[in-house]
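Heads up: the structure comes next, in C-alpha cells.
All heavy atoms count here, side chains included; hydrogens, waters and symmetry mates do not. Everything numeric here is computed off the predicted structure, so don't read it as measured data.
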Amino acid sequence: MKRIIYACLAVCVVLVLACDRWRARPIRIGICPWPGYDMILLAYEKGFFRQEGVAVQLLKRGGTIETKNDFVEGRIDIAALPLLEAITLIEQGEDIIIPLVLDYSKGADGVVIKKSLAGFNGIKRQKIGVSLGTINYYILNKALEKNGLSEADVDIIDIDPDEMVEAFAEGRVSALAIWEPYLSKASREGAGMISFTSRDLSVPVVDVVVVRRTFAAGRSADLRKIVRAWVKTIAYFKNNYPEAVQVLSDL
C-alpha cells in the first residue's frame with residue numbers, strides 16, 4: 001500500500017514540476033509577413049513584451065497555412081491569423097478563444113493581373129496563383145464572382161506565398177490572389193495591375209490572435225501582458241511613425 005502511495009506522490013510531483021515549467025517557458029507566437037502582424041514584430045524588437053514582464057518567442061513563417069499548422073501541431077501557443085482561418089480551426093475541433101483583434105484589411109489583400117490582360121476581361125483560361133485554404137482564396141472567388149466569372153473559367157494554381165512573386169514575374173501565372181507586401185511587390189516586378197482588393201468586399205477582412213482555451217486559462221496573466229504590450233506598440237507606432245517604420249524596414 002505504501003508503495004502505491006509513494007508512486008502516486010511521485011507522479012504528482014512530476015506533474016507539478018511539468019506544469020511549472022509550462023508556465024515558466026516563453027510564450028511562442030506564430031506570425032507571417034503581413035502589415036497587421038508587424039505590430040507583434042515591432043513589440044518584440046522594441047522590448048515591449050519584456051517591459052511588461054512576459055517572455056516571448058516569435059516563430060516566423062511564410063504564410064498563414066504554415067502558422068495554422070504550427071498551432072494545430074502544438075509548436076506555437078498563439079497564432080496570428082485571418083478570422084476566416086481562425087474559424088476553420090473551430091470547425092476542426094480546436095477549442096480556441098480570440099483575445100485580440102489585430103487589424104481590418106482595407107485594400108491590403110487583393111488580386112493582381114498582368115497589365116497585358118486588361119484586368120478581368122482577359123483572365124479567362126489563364127493561370128491564377130493562390131494559396132489554397134487562405135483568406136485570399138476566398139477573396140479570389142469573390143473577385144471572380146463580381147466580374148461574372150467562376151473557378152471553372154480559370155486555372156487555379158496552388159502556390160506557396162514565398163514563391164508567388166517569382167512565379168508571377170516569370171510568367172508562370174498570369175494573376176495572383178495575395179496579400180501585402182507580396183501584392184505590391186508582384187505588381188512592380190511582374191508588370192501587373194491590382195484589379196481587386198479587400199476594399200471591394202461587402203464584409204471586412206479581419207485578422208485576430210487565437211489561443212487555446214486551456215492555455216489561456218493557465219497563463220491568463222501573461223496573455224494580459226501581451227495585450228498591454230500590443231497596445232503600447234500601437235501608441236509607439238502612431239507617435240514615432242518614421243522611427244517605427246525604419247525599425248521594421250531593417251528587419
Measure from the side-chain N and O atoms of K127 to the backbone N and O of G171, and report whether any donor-acceptor pair falls under 3.5 Å.
-> no
Main-chain N/O of R219 paired with D222 side-chain donor or acceptor, under 3.5 Å | no
What distance do I156 atom CD1 and E151 atom CD have between them, rounded to the nearest 0.5 Å?
-> 5.0 Å
Using the ring of each side chain (for Trp, its six-membered ring), is F49 parallel, tilted or perpendicular to Y44, with breaks at 30° and 60°?
-> tilted
Rounded to the nearest 0.5 Å, what's the gap from CD1 on I65 to CG on L132? Could you check?
-> 8.5 Å
Given T67, V210, I226, the one that forms side-chain contact (heavy atoms from CB on, under 4.5 Å) with I78 | I226
Examine distances only and state if a side-chain atom of N240 and a backbone atom of Y236 form a donor-acceptor pair shorter than 3.5 Å.
-> yes
Check S131 against Y137 and note the closest heavy-atom contact, atom names and distance.
-> O-CB, 4.1 Å
Q246 side chain to D250 side chain, donor-acceptor N/O pair below 3.5 angstrom | yes
Taking every non-hydrogen atom, the tightest pair across A177 and L140 | CB-CB, 3.8 Å
From CD (Q57) to CD1 (I76), nearest 0.5 Å = 10.5 Å
In terms of hydrophobic clusters joined by side-chain contacts under 4.5 Å, are W179 and M164 together?
-> yes
Within 45° of the axis and under 6.0 Å from the centre of the six-membered ring of F237, does NZ or CZ of K232 qualify?
-> no
Looking at CG of L42 and OG1 of T233, how far apart are the two atoms once the value is rounded to the nearest 0.5 Å?
-> 5.5 Å
Under 3.5 Å, is there a donor-acceptor pair between the K68 and T88 side chains?
-> yes
Taking NZ, NE, NH1 and NH2 as the nitrogens, is one of them in R125 or D155 under 4.0 Å from a carboxylate oxygen of the other?
-> no
Is a side-chain N or O of E52 found less than 3.5 angstrom from the main chain of R228, in a donor-acceptor match?
-> no
Would you check if the side chain of R28 reaches a backbone N or O of G74 as a donor-acceptor pair within less than 3.5 Å?
-> yes
Check L149 against K124 and note the closest heavy-atom contact, atom names and distance.
-> CD2-CE, 3.5 Å
Side chains of K46 and Q51, donor plus acceptor under 3.5 Å | no
Is a side-chain donor-acceptor pair under 3.5 Å present for Y104 with D207?
-> no
Got a donor-acceptor contact below 3.5 angstrom from the R212 side chain to the F71 backbone?
-> yes
Once you round to the nearest 0.5 Å, how far does CD1 of I113 lie from OG of S174?
-> 9.5 Å
Shared hydrophobic cluster for I97 and V72 (ILVMFWY, side-chain gaps under 4.5 Å) = no
Answer yes or no: does atom CZ of R172 have more than 12 heavy-atom neighbours from other residues, nucleotides or ligands under 6.0 Å?
-> yes
Please walk me through it: do R61 and D162 pass salt bridge (charged side-chain N to carboxylate O under 4.0 Å, His left out)?
-> CA-CA 10 Å; R61 297 293 185 256; D162 288 340; over 6 Å; no
Answer yes or no: does atom CZ of R50 have more than 12 heavy-atom neighbours from other residues, nucleotides or ligands under 6.0 Å?
-> no
Note: A80 and I31 closest approach over all heavy atoms is CB-CG2, 4.1 Å
Residues E180, K185; criterion salt bridge (charged side-chain N to carboxylate O under 4.0 Å, His left out); working and verdict = CA-CA 8 Å; E180 295 288 8; K185 187 176 182 181; over 6 Å; no
NZ of K60 to SG of C32: how many Å apart, nearest 0.5 Å?
-> 12.0 Å
Dump the intermediate steps for salt bridge (charged side-chain N to carboxylate O under 4.0 Å, His left out) on D95 and R213, then the final yes or no.
-> CA-CA 6 Å; D95 187 13; R213 192 178 304 275; 2.9 Å; yes
Look at the side-chain heavy atoms of Ile, Leu, Val, Met, Phe, Trp and Tyr, link any pair under 4.5 Å apart, and say whether L201 and V111 land in one connected group.
-> yes
Distance-minimising heavy-atom pair for G119 and S195 = CA-OG, 4.0 Å
If only atom types and distance count, is the side chain of N239 paired as donor or acceptor with the main-chain N or O of A235 below 3.5 Å?
-> yes
Between L248 and M39 the two heavy atoms that sit nearest each other are CD1-CE, 4.3 Å
Between K142 and D109, does at least one N-O distance fall below 4.0 Å, as a salt bridge requires?
-> no
